[in-house]
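The structure appears below as structure tokens.
Note that the structure is predicted; figures quoted are calculated from it, not measured.
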Amino acid sequence: MTPFQAQVYELLSEIPEGTVTTYGDIAKAMHTNAVRAIGTAVGKNPNAPEVPCHRVVPRSGKIGNYSGEGGVIRKIALLQGEGVLVVNGKIVDFEQIRFLFKSS
DNA sequence: AGCGTGACGAACT
DNA sequence: TAGTTCGCCACGC
């Protein structure tokens, strides 16, 4: 576990149920452009159930990827279980349910 | 200590 | 509108 990852997971845990956020938003909240680094960190996903990592999606409004069991399919299932609708691999009303971190 | 990789993103063709 | 290219930076080898 690195400080960088700890920071990422901390932000992830702030995401309310039924909402989603993007890798870019996380990067922004951390004041960095390293979106790739965020993805790398989240992809490691050491504490899977602890952190709602499935609430993180690419800016495209699609699902992106998932390393957990079941892959993308599982990710979609988790989101829908929280009330997030997904059609054709895309999040419905993505911009509306998108959670934004407070920029400090 | 350098190199390649990756749960992305934005610009270009 | 879809596919490709390049940039970003943390991490493992």
Revision key, fill the gap. Closest heavy-atom pair, A:Phe101 versus A:Ile26, reported as atoms and distance to 0.1 Å, is CE1-CG1, 3.7 Å
Check your understanding: Within the side chain of A:Lys75, is there an N or O that forms a donor-acceptor pair under 3.5 Å with the backbone of A:Asn65?
Key -> yes
**Study point:** Nearest heavy atoms of A:Gln80 and A:Val86, plus distance in Å
**Key:** NE2-O, 3.3 Å
Review point. Which whole-number value in Å describes the distance from A:Ile76 CD1 to B:dA7 P?
Key: 17 Å
Practice item. Round to a whole Å and report the spacing from CD of A:Glu69 to C1' of B:dA7. Key: 17 Å
Exercise for review: Please report, rounded to the nearest Å, how far the C1' atom of B:dA7 is from the CD1 atom of A:Ile91.
Suggested key: 13 Å
Check your understanding: What's the CZ-C1' distance between A:Phe4 and B:dG6, to the nearest Å?
Key -> 12 Å
Check your understanding: Do A:Val57 and A:Phe99 belong together in a cluster built from hydrophobic side chains that touch within less than 4.5 Å?
Key -> no
Practice item. Look at all strands and tell whether A:Ala37 reaches a base, only sugar-phosphate, or nothing, counting heavy atoms closer than 4.0 Å. Key: base
**Study point:** Interatomic distance where NZ belongs to A:Lys90 and C1' belongs to C:dA2 [whole Å]
**Key:** 14 Å
**Study point:** Whole-Å distance separating the CD atom of A:Gln5 from the C1' atom of B:dG6
**Key:** 13 Å
Check your understanding: Which whole-number value in Å describes the distance from A:Met1 CE to C:dG12 P?
Key -> 12 Å
Practice item. List, by chain and then residue number, the residues other than A:Leu100 in its hydrophobic cluster (Ile/Leu/Val/Met/Phe/Trp/Tyr, side-chain heavy atoms under 4.5 Å); write none if there are no others. Key: none
Revision key, fill the gap. With B for base contact, S for sugar-phosphate-only contact and - for none (protein heavy atoms under 4.0 Å), nucleotides 8-13 of chain B reads BSS---
**Study point:** A:Ile38 CD1 - C:dG7 C1' separation (whole Å)
**Key:** 15 Å
**Study point:** Nearest non-hydrogen partners of A:Thr19 and A:Val84, listed with the distance
**Key:** N-CG2, 4.3 Å
